[in-house]
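Just below is one structure, and these are the notes that go with it.
We name chains A, B, ... by the order of the sequence lines, and we start the count at 1 in each one.
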Amino acid sequence: MSQSYNRGLIEDFGRWREFTAGMWAWILHKFTGWVLIGYLFTHIAVLSTALSGANAYTNTLQGLESLLLVRVMEVGLLAVAVFHILNGVRLLFVDLGVGLEAQDKSFYASLVVTAVIVLASIPTFLEGAF
Amino acid sequence: MAERYSSFSSGSLPWFLQRVTAAFLVVVLAFHFFLLHFVNHASEVTFAQTTARMEEWGYLLTMVLFLLTATFHGVNGVYAALLNQGLTGTKKRVVQVVLAVAALALAAQGTYVALVMSGVM
Amino acid sequence: MHEHDVLVIGGGGAGLRAAIAAHEEGADVAIVTKLHPVRSHTGAAEGGINAAIRDGDSWDLHAYDTMKGSDYLGDAPAIETLAQDSPGETVQLEHWGMPFSREDDGRVSQRPFGGLSFPRTTYAGAETGHHLLHTMYEQVVKRGIQVYDEWYVSRLAVTDEDDPSDRQCHGVVAYDIKTGQIEGFKARNGVILATGGLGQVYDHTTNAVANTGDGAAMAYRAGAPLEDMEFIQFHPTTLPSTGVLISEGVRGEGGILYNAEGERFMFEYGYANNAGELASRDVVSRAELTEINEGRGVDDEYVYLDMRHLGEERITDRLENILHLARDFEGVDGLEEPMPVKPGQHYAMGGVETNEHGQTCIDGLYAAGECACVSVHGSNRLGGNALPELIVFGARAGRHAAGTDLGEPEIATGKADEFETEDNLDTPVEPGAVADGGEDESAVADGGERTDGSRVSSDPRSDGGETAVASADDVVRRAVENERTRVEYLIEKDEGIQQAELREKLQKSMTQNVNVFRNEEGLKQALEDIREVREAYQDVYVDDPSRTFNTDLIHTIEMQNLIDLAEAITLGALARDEFRGAHWRQEHQERKDDEWLKHTMLAWDDGTPDLYYKPVILDGEEKTYEPKVRSY
Amino acid sequence: MSTQIQEEADEPTETEAETAPAERQSPGDRRRAEKRTASDQAVGSEPVGRADDDTFRLKVFRYDPEVEGKMEPRFDDFYVPREKGMTVLDALIYARDHYDTTLTFRHSCRQAVCGSDAFFVNGRQRLGCQTQISDLEAPIRVEPLPHQDVVKDLVVDMEHFYDQMHAVEPFFQEDDLPSGDLEEQRQSRENREKIKMSTRCIWCGACMSSCNIAAGDNEYLGPAAINKAYRFAMDDREGDDLKQHRLNIMDQEHGVWRCQTQFSCTNVCPKDIPLTEHIQELKREAVKQNLKFW
Ligand SMILES: Cc1cc2nc3c(=O)[nH]c(=O)nc-3n(C[C@H](O)[C@H](O)[C@H](O)COP(=O)(O)OP(=O)(O)OC[C@H]3O[C@@H](n4cnc5c(N)ncnc54)[C@H](O)[C@@H]3O)c2cc1C
Ligand code: HEM
Ligand code: SF4
Ligand code: F3S
Ligand code: FES
């Protein structure tokens, strides 16, 4: 007689506008983690050129580094890594039960510090790319 | 004892190792980034430089450990994320196998490359 | 049809305790409840549980305090049972893990409470009821007792003998709120009513919306008499817009009451020159209402309770939850502004007449908790005495229903020949069921008579008037059929009046006329209003045609219970021309012990309320309680 | 056998009904159909009540699996007069009693102890009775709790929540009790203080509804049930063996490890229970317990 209406998956992620700090931190940490592990695979693949000899290795690396796109992506990688590290530290504290009341503030702090570090590193990263 | 041991398969060990590896990775990843982007610029890296660094045992060991912990940390993290979305049954089994194979391949290939770089192989 | 040894109706403190007790005696027991057990209003109780568990205290002191508090209208055997069993039951709760507040030595804490000669109120923070309710629900889960939650019991399946004392209860009819299914529940041994309070008879109450007195009303219509219904406790400090209780603690800490003119009226108008704000509940309630009636209330509705002068530090330390309550439920910051308060209905001392084993005069029908009246509270309940009542009499009813021999009861139930009957009560209108001559013969909303004189829809008895010896199954089955007819009628009826309108009217009139202040004129006015509502109810219909979670239907069925109980309260109040405990009569300003040391009893008697009196039992186990002036 | 006979006897009536459907239609059927037409018109047309300075707009989620016009979920708009101290629950009651008696929601105590009126109000899980209208921005949007099956309007199916609560053996089970007459167990003030917050849960389900993990993994015990387990695991009155037993339950795959410290449960809990903190503490306890043997 009575059935229930399932509002479907939309409500799972369609509610992002209503997400709170902790949930954003969770999503961003997940995202950055996936990027990092993805990068780790590519990274080892690129480094594997070392197996074909010294020149292949050096040429590949320097070839890649001369591409603007790669440089920009590296900045992205930095951002991702820095955020993952900072938020990771935040999570470690949470796991230890330290500073739980300030969990939202520490998330915002991770974001801000990430931004600062990344902005400050841009010159170094893009040096000589143009 | 056996009972104790089996409870480890529940999730406390993966969870715990994820934290331990994370703590290790903070340091190494930061060091890695710093070394290869700030001290040495990535664009200037050459095979010679790399092998020079890799010939140092301490560095080699750190890098291999870095690789292994990062692999574990990353793959375990991905697995946990999938579990959280309600992965069960055969699918879960398949994911387990795929991730394990990928992780082993990555670790093996990476270690091999490192050893070659360091001139051991 | 579902079948169990013992059926407990209601999952509040009384119901849960009864179910556990019956289960421990080996009975197959089930709880049928319209709210999930943890949603019961027992969870709202704040203060504590009176129990004499310490050296220097004893059960007879507790009994004495209770008798005095009842203004000598409690029955001694009931009061003594309460005082004797409460310590054991309270420690039992502790053994079940209830998180009581603790002393330094690790023992449970007790605090002083109004009217007690020893600080024996055992408590768990400011949420004793919540913990009591949850602890017992946990034990129900542990024992795997079956709970039919969100099943609304709408009718008792009782046989049809002329004398209610010959009748037998075989079960109940319940409505599955989620699906609209109506089903019979057969009880092999007994049905225990534990349906709680009736605060919704009033428009301003500390009680929950679900406290509609269903059990008392159903038992009443089935033939079990109601006892002492006129005694309603009003709490002086409740928030005006919701009725949420602001604990006496605020006044205890030094909070003051003042009127719209800024006068500290408890002193300035001499309501209580000594105790001031700390006078007893009824005195303060009456003072507030006098202020409001004489035009010194704020917005003609409430007065102020001010605690700002206590200072932020003291307030946050001792009265923090009050700040939350005022903030969440009234939108007032207690640190910045005075809090609006007014008296609100709080507790019904009366209920279904039972003996110490929880038995009513109908065989197999029990009642426990606020819906029952074993008569421990008499004309006025002491704070902290309701929760022990739940566990003590809940447990006893459960045990007895499961077949345990608890000995001969000392309290008699049912109407005895020698009882005095009230014949000359002057009512402006005929009370009781409406005789219906309307076109629709098969079902009438409130169960008035059919044209042929037999009664149908709400008559709880099985066969609509014809005497027949029916099997238990038949009794239940017929009750189910009658209920289906009624519900079908209510849902299918196309137009008429809606319950919300009637409810509002009834509640307004009760609050206006049968409140803290009572006088003959007002009471008569109330009877007229109730009559009007009752007649209008004949034409009630349910707008929501759905079978799924039809709360409109549930409220409509509840409405009938409210009408019957409102009438019972008012009839009792009109009859009792004295001032005793919570019952204040303008024309009769003194307690009349010669005339009124007796319980007001009301039997439905097939739709014609029959008012009679039963003597109070003041003889205890060891001593007789002598009525004294109640002063503190 | 007897049921078969009955069925046969029933049949003629059914065929009759088919041949004369118009007469068979009861007023209820008719109204169920009418509600559809009425609501079809209502969609996109004027909301109920008057919009002016003294009223605010209340948007309420509507759904009924049986009434035709409501089978497709929709929002109804009501204009409700503003009053001082008015809560979301008061507003719903007003809309129901004055505009549409079919509006359905659970509520009882009106004082945040029964836990029956947790709704999704302006994008957050809140108790209707505990939320002041004046604290919200109009229009006020009230929906049933997310991630739970809707039974009708604002009523959700709580069965799953109850199952999870029951799954953690939520009952005190120490058998070693003081033998003396009326002798209670001793508990230190500190220990009672430690479990105090965890005992305040009113089973409203807000936390579970706000947790994305619980939404994705149906087997996850969820914050409320874990908090319930915490309440017993940390209660010193239960001995060490029981504590270990309780930690083992938490240590299951769908126990504490599923929690990703999203904190939304802690944010929405109307009783301010530090849920994430409790969950984290149990994780550490479980790890500690397991490490003991290594
Ligand atoms: C705000 C407040 C504070 C209080 N503080 C104290 C205090 O400090 N100390 C004290 O001793 N007392 C106190 N009391 C009084 C005491 O809490 C109540 O008298 C007591 O809790 C009533 O318990 P009960 O089990 O009889 O009913 P309830 O807890 O109300 O339970 C009734 C049950 O019956 C069920 N039910 C009702 N009708 C039906 C039906 N038709 N079909 C199926 N099921 C039905 C309901 O679902 C519910 O489960 C307080 C009361 C209030 C309101
Ligand atoms: C090479 C480096 C790294 C890689 C490849 C990596 C990858 C990942 C991945 C894929 C996840 C799973 C995310 C998810 O979907 O939930 C994860 C989780 C996590 N990472 Fe990293 N990470 C790295 C470095 C770090 C560092 C330096 C820290 C620092 C503290 C860290 C802390 C964490 C933590 C605490 C989690 C667990 C989240 C949880 O399970 O609740 N990680 N990581
Ligand atoms: S933990 Fe809080 S949010 Fe969750 S059910 Fe209990 S009271 Fe509600
Ligand atoms: S929201 Fe969910 S992820 Fe954990 S902290 Fe609360 S249970
Ligand atoms: S109505 Fe009980 S919690 Fe809101």
For [X] and [Y], which heavy atoms make the closest approach, and how far apart are they?
{"X": "D:Asp235", "Y": "C:Gly97", "value": "OD2-O, 4.5 Å"}
{"X": "D:Arg192", "Y": "C:Ala124", "value": "NH2-C, 4.1 Å"}
{"X": "C:Arg39", "Y": "D:Ser108", "value": "O-OG, 4.4 Å"}
{"X": "D:Pro178", "Y": "C:His95", "value": "CD-NE2, 3.9 Å"}
{"X": "C:Phe329", "Y": "D:Ala112", "value": "CZ-CB, 3.7 Å"}

With only heavy atoms counted, which part of [X] is less than 4.5 Å from chain D, the side chain, the backbone, both or neither?
{"X": "C:Val91", "answer": "side chain"}
{"X": "C:His324", "answer": "neither"}
{"X": "C:Glu150", "answer": "side chain"}
{"X": "C:Thr205", "answer": "both"}
{"X": "C:Ala208", "answer": "both"}
{"X": "C:Arg143", "answer": "neither"}
{"X": "C:Glu94", "answer": "both"}
{"X": "C:Ser101", "answer": "both"}
{"X": "C:Val332", "answer": "side chain"}
{"X": "C:Asn207", "answer": "backbone"}

May I ask you to say whether [X] pairs ionically with [Y], meaning some side-chain N is under 4.0 Å from a carboxylate O?
{"X": "C:Arg327", "Y": "D:Asp135", "answer": "yes"}
{"X": "D:Glu184", "Y": "C:Arg54", "answer": "yes"}
{"X": "D:Lys84", "Y": "C:Asp299", "answer": "no"}

Flag the one option from [options] with the top tally of heavy-atom pairs under 4.5 Å to chain C.
{"options": "D:Gln173, D:His98, D:Arg106", "result": "D:Arg106"}
{"options": "D:Ser134, D:Gly85, D:Ser188", "result": "D:Gly85"}
{"options": "D:Lys196, D:Glu83, D:Glu183, D:Glu193", "result": "D:Glu183"}
{"options": "D:Phe105, D:Phe232, D:Tyr162", "result": "D:Tyr162"}
{"options": "D:Glu238, D:Gln111, D:Arg189", "result": "D:Arg189"}

Looking at [options], which has the largest count of heavy-atom pairs under 4.5 Å with chain D?
{"options": "C:Thr42, C:Thr242, C:Asp104", "value": "C:Asp104"}
{"options": "C:Glu103, C:His131, C:His36", "value": "C:His36"}
{"options": "C:Leu35, C:Ile53, C:Val108, C:Leu239", "value": "C:Val108"}
{"options": "C:Glu330, C:Arg107, C:Met98", "value": "C:Arg107"}
{"options": "C:Val209, C:Asn211, C:Asp149", "value": "C:Val209"}

Segment of [X] engaging chain C (4.5 angstrom heavy-atom cut-off):
{"X": "D:Leu103", "answer": "backbone"}
{"X": "D:Arg96", "answer": "side chain"}
{"X": "D:Leu182", "answer": "both"}
{"X": "D:Met86", "answer": "neither"}

When rounded to the nearest 0.5 angstrom, what distance separates [atom1] in [X] from [atom2] in [Y]?
{"X": "D:Arg200", "Y": "C:Glu127", "atom1": "CZ", "atom2": "CD", "result": "4.5 Å"}
{"X": "D:Lys228", "Y": "C:Glu138", "atom1": "NZ", "atom2": "CD", "result": "3.5 Å"}
{"X": "C:Trp96", "Y": "D:Leu177", "atom1": "CH2", "atom2": "CG", "result": "11.5 Å"}
{"X": "C:His41", "Y": "D:Cys114", "atom1": "NE2", "atom2": "SG", "result": "9.0 Å"}
{"X": "C:Gln498", "Y": "D:Asp97", "atom1": "CD", "atom2": "CG", "result": "9.0 Å"}
{"X": "C:Ile177", "Y": "D:Thr104", "atom1": "CD1", "atom2": "OG1", "result": "11.0 Å"}

Candidates C:Thr551, C:Asn550, C:Asp544 - the one meeting side chain to side chain donor-acceptor pair (under 3.5 Å) with D:Lys152:
C:Asp544
Do the side chain of [X] and the main chain of [Y] share a donor and acceptor less than 3.5 angstrom apart?
{"X": "D:Arg110", "Y": "C:Val244", "value": "no"}
{"X": "C:His130", "Y": "D:Thr199", "value": "yes"}
{"X": "D:Gln132", "Y": "C:Asp328", "value": "yes"}

Just checking C:Glu501: does its CD atom have more than 12 heavy atoms from other residues, nucleotides or ligands closer to it than 6.0 angstrom?
no
More than 12 heavy atoms of other residues, nucleotides or ligands under 6.0 Å from CG of D:Asp241: yes or no?
no
A side-chain contact here means heavy atoms from C-beta on lying under 4.5 Å apart; do D:Lys70 and C:Ser546 qualify?
no
Does the side chain of C:Pro545 reach to within under 4.5 Å of the side chain of D:Val67, using non-hydrogen atoms?
yes
Applying side-chain contact (heavy atoms from CB on, under 4.5 Å), run through C:Lys178 and D:Val151 and close with a yes or a no.
CA-CA 8 Å; C:Lys178 192 172 163 193; D:Val151 176; 4.0 Å; yes
Tell me whether the rings of D:Trp203 and C:Tyr137 are parallel (<30°), tilted (30 to 60°) or perpendicular (>60°).
perpendicular
